[in-house]
Peer 1: 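Sharing a structure here in C-alpha cells format.
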Amino acid sequence: MSASESTVSLSNKALDLIPGVCGGIARCLVGQPFDTIKTRLQVMGQGTAMAAHLPSHMVYINSSDCLKKMMRHEGTLSLYKGITAPMIGNMGMLGIHFPVFAKTMHLLGDESHDRLNIWKSLVSGGMAGMAGSFVSTPVELIRTKLQLQTKSGTSTVTKSFSDSSKNNSNYRGSFDCARRLISEHGIRGVYRGFGSTMLRDTQGYAFFFLAYETMIHAILELRYDGQKKRSEMACWDIAAAGSFAGMSLWASMYPIDTIKSKMQADNLRDPLYKSTLDCYRKTMILEGNAGMWRGFSAALYRALPVNAAVFLAVDAAKDFTAKYHVHTAEDDDIAAVEGKLGFFSQNAATP
C-alpha cells in the first residue's frame, strides 16, 4: 500500500468512527434523565434503607414524583448529573459488545446469522456482556455517585453518601469522583459492585442479543418474506429491533440492576452491604420483591426514545461523513462482512 493509499485508509477509518461517537452521545443525552430517575428510585425511593435518613423532598414515590421533586428543588440539569462518565464509557463499550458477540458466534460455528440459534445467541450475548462489565462497572459507579448528589453541601444527606474520611464535600464531576475514589480506596474503589454488574450484564446482554436476533429474523420473514438481507433492512426496522431488545434486557435483569445500584451508592467508608448476596438479603427483608423492581418503568420508557435518537444521530452522521469518504477496495470487503454478520447494527441497537 502506497503512502497516499495509507493516508486515505486512515482518513476513512477516522470518519467511520464519527457515527458511533454521535450515536453514543445521543444515547447519553436522551437516556441519562431516565437513568437518573431509575437510580434515585432504586436507592432513595420510599421504603428503601436510605429513605429513613432523608428529608421528605428527597424520598420518591414513583417516576413522576421523582421528576417533579428534582425539577423543583435541583433544576433541569440535575437529571444530567454524572453524564460525562457514560459519555466516554459508551464509546468503549460499543467497541466491545458487538465485536465480542460476533467473534463468539464465529467460534460457536455460526457465521452467517441466516438462521436463529437460541443457545448460541444467548451464550454469545452473555460473553459480550461479561466482557463489557470491566468497563461498565467503574463508569456506572461514578455515574451513580454523581446522580445521587444534591446541593446539600456537607449536610447529613451528603455525609450519608460520602466515601471519604477527609472530605465530605460533593464531587465536582466525573474526573474528580474517580480521582478521589482511587486516591482513598484504590482501584477497588471504582470497582465496587463488580460482581453484581458482571452478573447483570452477562444475563442482560444474553437476552438483549437473543431478542435482537429474534426480532431481526421475524422482520425479515414477516415483512420482507425472506427476500432481503439484514443489510438491506429499513432503518426503522433496526430501531424497532433495538427497542425491543432494550426492553428485553431490562426485563431480564432489573432486580440485579437494583442490587448493583445499591452496592455502588453505598458508603465505601462504612458500607451497609458486605456483598451482593448481603445486599439482596437485606433488600428483600426491608422492601420485599417490589423493592427489586422500583424504578422499572423509567428503564422501559427510555428504550424507544433512546433508540430513535441513536439511529437518527448515526444516520445523520453517516450522511455527513459520506461526503468526505474516499471509496476504496477495502470498503467493499468491509461491506461484505458487515452485511453477512450484521455489524452495521452496532450503532442502532442500544438498550
Peer 1: Are more than 12 heavy atoms from other residues, nucleotides or ligands located less than 6.0 Å from atom CE of Met87?
Peer 2: yes

Peer 1: Would you check if there is a donor-acceptor pair between the side chains of Gln42 and Lys38 at a distance under 3.5 Å?
Peer 2: yes

Peer 1: For the residue pair Ile238 and Ile216, what are the closest heavy atoms and their distance?
Peer 2: CD1-CD1, 3.8 Å

Peer 1: Please name the residue in the list Gln147, Arg143, Lys81 that meets the side chain to side chain contact (heavy atoms under 4.5 Å, CB included) test with Thr36.
Peer 2: Gln147

Peer 1: Quick one: which residue pairs count as a ring-ring contact (aromatic ring centres under 6.0 Å, His included) with a foot in residues 125-148, not counting sequence neighbours?
Peer 2: Phe134-Phe194

Peer 1: If two hydrophobic side chains count as joined below 4.5 Å and joins carry through other members, does Ile83 share a cluster with Ile25?
Peer 2: yes

Peer 1: In the single-linkage hydrophobic clustering (I, L, V, M, F, W, Y; side-chain heavy atoms under 4.5 Å), do Met71 and Tyr60 co-cluster?
Peer 2: yes

Peer 1: Would you name the heavy atoms of Ile96 and Ala128 that are closest together and state the gap between them?
Peer 2: CG2-O, 4.4 Å

Peer 1: Nearest 0.5 Å, what's the OG-OH distance between Ser121 and Tyr212?
Peer 2: 12.0 Å

Peer 1: Please check if Met292 and Leu199 belong to a single hydrophobic cluster, counting links between Ile, Leu, Val, Met, Phe, Trp and Tyr side chain heavy atoms closer than 4.5 Å.
Peer 2: yes

Peer 1: Any side-chain donor paired with an acceptor under 3.5 Å for Thr39 and Ser261?
Peer 2: no

Peer 1: In the structure I gave you, are the side-chain heavy atoms of Leu108 and Trp119 within less than 4.5 Å of one another anywhere?
Peer 2: yes

Peer 1: Linking I/L/V/M/F/W/Y whenever any side-chain heavy atoms sit under 4.5 Å apart, do Met284 and Trp293 land together?
Peer 2: yes

Peer 1: Is any NZ, NE, NH1 or NH2 atom of the basic residue among Asp65 and Lys69 found under 4.0 Å from an Asp or Glu carboxylate oxygen of the other?
Peer 2: yes

Peer 1: Is there a donor-acceptor pair under 3.5 Å between the side chain of Lys228 and the backbone N or O of Leu220?
Peer 2: no

Peer 1: Of all the heavy-atom pairs spanning Val139 and Gly89, show the shortest one and how long it is.
Peer 2: CG2-CA, 3.8 Å

Peer 1: Please confirm whether Phe209 and Phe98 have ring centers closer than 6.0 angstrom.
Peer 2: yes

Peer 1: Please indicate whether Ile285 has more than 12 foreign heavy atoms, meaning atoms of other residues, nucleotides or ligands, lying under 6.0 Å from its CD1.
Peer 2: yes

Peer 1: Salt bridge or not for Glu140 and Arg192, using N-O below 4.0 Å?
Peer 2: no

Peer 1: According to a 4.5 Å side-chain heavy-atom criterion applied to Ile, Leu, Val, Met, Phe, Trp and Tyr, with indirect links allowed, do Val30 and Ile88 form part of one hydrophobic cluster?
Peer 2: no

Peer 1: Indicate yes or no: does Glu287 engage Arg294 in a salt bridge with an N to O separation below 4.0 Å.
Peer 2: yes

Peer 1: Asp237 vs Arg223, test: salt bridge (charged side-chain N to carboxylate O under 4.0 Å, His left out). Steps then yes/no.
Peer 2: CA-CA 10 Å; Asp237 291 332; Arg223 183 172 179 181; 2.4 Å; yes

Peer 1: Looking only at heavy atoms, which two atoms of Cys22 and Ala317 are closest? And how far apart?
Peer 2: SG-CB, 3.9 Å

Peer 1: If only atom types and distance count, is the side chain of Asp257 paired as donor or acceptor with the main-chain N or O of Trp250 below 3.5 Å?
Peer 2: no

Peer 1: For the residue pair Gly189 and Leu181, what are the closest heavy atoms and their distance?
Peer 2: O-CD1, 4.4 Å

Peer 1: Between Tyr301 and Phe34, does a ring-ring contact (aromatic ring centres under 6.0 Å, His included) hold up when you go through it step by step?
Peer 2: CA-CA 8 Å; Tyr301 292 154; Phe34 294 94; 7.3 Å; no

Peer 1: To check you understand the geometry: which heavy-atom pair defines the closest contact between Thr84 and Ser174, and what is its length?
Peer 2: CB-OG, 3.4 Å

Peer 1: Identify whether the distance between the nearest side-chain nitrogen and carboxylate oxygen of Arg302 and Asp35 falls below 4.0 Å.
Peer 2: no

